[in-house]
Amino acid sequence: MAAQRRAAPRGPEGGGAAAGPDRGGRRRHSSAKKSRGQQESRWRWLKTAFLLSSAAIAGLLSWSYLSAEDGVTEVLAHHSESLQDKFMEIPCSEDYDSHKRFEGCTPRKCGRGVTDAVITREEAERIRRIAERGLSLGGSDGGASILDLHSGALSLGKHFVNLYRYFGDKIQDIFTEEDFALYRDVRQRIQQRIAQAFGISSASMYLTKPTFFSRINNTEAKTTHDEYWHPHVDKVTYGSFDYTSLLYLSDYTEDFGGGRFVFMDAGSNKTVEPRAGRVSFFTSGSENLHRVEKVHWGTRYAITISFTCNPDHGIGDPVLM
């Protein structure tokens, strides 16, 4: 009887006895792989949750910063409403004590007011055309241009020129006597309204410098003269100022965005939304710290008309040269 031949044992890749341990190893490998997958999934979830939380916190911080920067809690005058007169009395600062006082004029009653009843929208449009014609002769390279008909100062590039000397007889083709007569009439009515609000005689007030047109758009500032948005106090910046007024010549949300006037009070701000023909006026001391928001689009026109109680700092109305 011939001897039977035994089959050679199968290697690890075959079946037989070696198959048991191989299946157990696969199960352990699969279990470890599954565990790692679950762990990676948890890490991805935690990372996503962390990023979302960070984004939320950053958003809240940004909102808080912007809220603190704007600090807008009350609109003193909406652009959509026509105000007969609105006045808010506030305590005077000590700024006036460091200057010579003029009885019957230097502020003892301080505050701020807004009215749409002194200058008509049609008159504001005519005044705006004066500003547009004058500023067409120059203009700042940055976002803020000025035109001062009293001194002749005009923004030109990164500098200022005297438009009366720089353009000479050409000025006669830009402005008319009627333009300057309207300018004087508007100034007088604003002066009388301020005197009435603060209980003083308009005869005790004197026009002072600088009194100027401003044209603001969203062009990037090129010099410090273009940075109109910084908080400031008029009495500190210009010692002669006792009463400040602004006549707006364009409409917020229609002609431009941003550019609101902001009174920066302790703990809250009060905003004035420009409206063509609207006059905003206030005592010039630290009780009326203020700024102008950056203009985001369009063009904002206004004229700043300032008054002093000191006759030595008074200036005359502009005349056509």
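When side chains are defined from C-beta on, L137 does not count as touching Y166, because their heavy atoms never get closer than 4.5 Å. In this structure, F213 and L149 have side chains that are in contact, with non-hydrogen atoms separated by less than 4.5 Å. You'll find the side chain of D251 reaches within 4.5 Å of the side chain of R121, heavy atoms only. Counting only heavy atoms from C-beta outward, the side chains of I171 and Y164 approach each other to under 4.5 Å. The closest side-chain heavy-atom distance from D242 to F198 is not below 4.5 Å. In this structure, N288 and I90 have side chains that are in contact, with non-hydrogen atoms separated by less than 4.5 Å. Between R291 and E293, some side-chain heavy-atom pair lies under the 4.5 Å cut-off. You'll find the side chain of T283 reaches within 4.5 Å of the side chain of Y243, heavy atoms only.
T176 and D179 share a side-chain donor-acceptor pair at under 3.5 Å. Side-chain contact check for E287 and S93: at least one donor-acceptor pair (N or O, by modelled atom type) lies under 3.5 Å. For the 3.5 Å distance criterion, the side chains of S284 and T244 qualify, holding a donor opposite an acceptor.
Under the ring-ring contact (aromatic ring centres under 6.0 Å, His included) rule, H290 has a single partner from W229, Y228, F261, which is F261. For the side chain to side chain donor-acceptor pair (under 3.5 Å) test with Y183, the passing option among H150, E178, R126 is H150; the others fail.
Residues R129 and E125 are paired through a salt bridge, judged by an N-O separation under 4.0 Å between the basic side chain and the carboxylate. Here E81 does not pair with R278 in a salt bridge; the nearest charged N to carboxylate O distance is not below 4.0 Å. Salt bridge annotation for D312-K100: absent, with no cationic side-chain nitrogen under 4.0 angstrom from a carboxylate oxygen.
Taking the six-membered ring where the residue is Trp, the centroids of F241 and F282 are separated by 6.0 Å or more.
Of all heavy-atom pairs spanning S140 and S145, the tightest one is N-OG, 2.8 Å. In terms of heavy-atom proximity, C309 sits nearest to F102 at O-CG, 3.4 Å. Heavy atoms only, all atoms of each residue included: K235 and G239 are closest at NZ-O, 2.8 Å. Between L182 and E123, the shortest heavy-atom contact is CD2-O, 4.3 Å.
Here N310 pairs with nothing under the side-chain hydrogen bond (donor to acceptor under 3.5 Å, both in side chains) rule; sequence neighbours left out.
R112 forms a cation-pi arrangement with F263, by the criterion of a distance under 6.0 Å to the ring centre and an angle within 45° of the ring axis.
The main-chain N or O of V262 is never found under 3.5 Å from a side-chain atom of N269 such that the two would form a donor-acceptor pair.
The environment of D169 atom CG is sparse: at most 12 non-hydrogen atoms of other residues, nucleotides or ligands sit within 6.0 angstrom.
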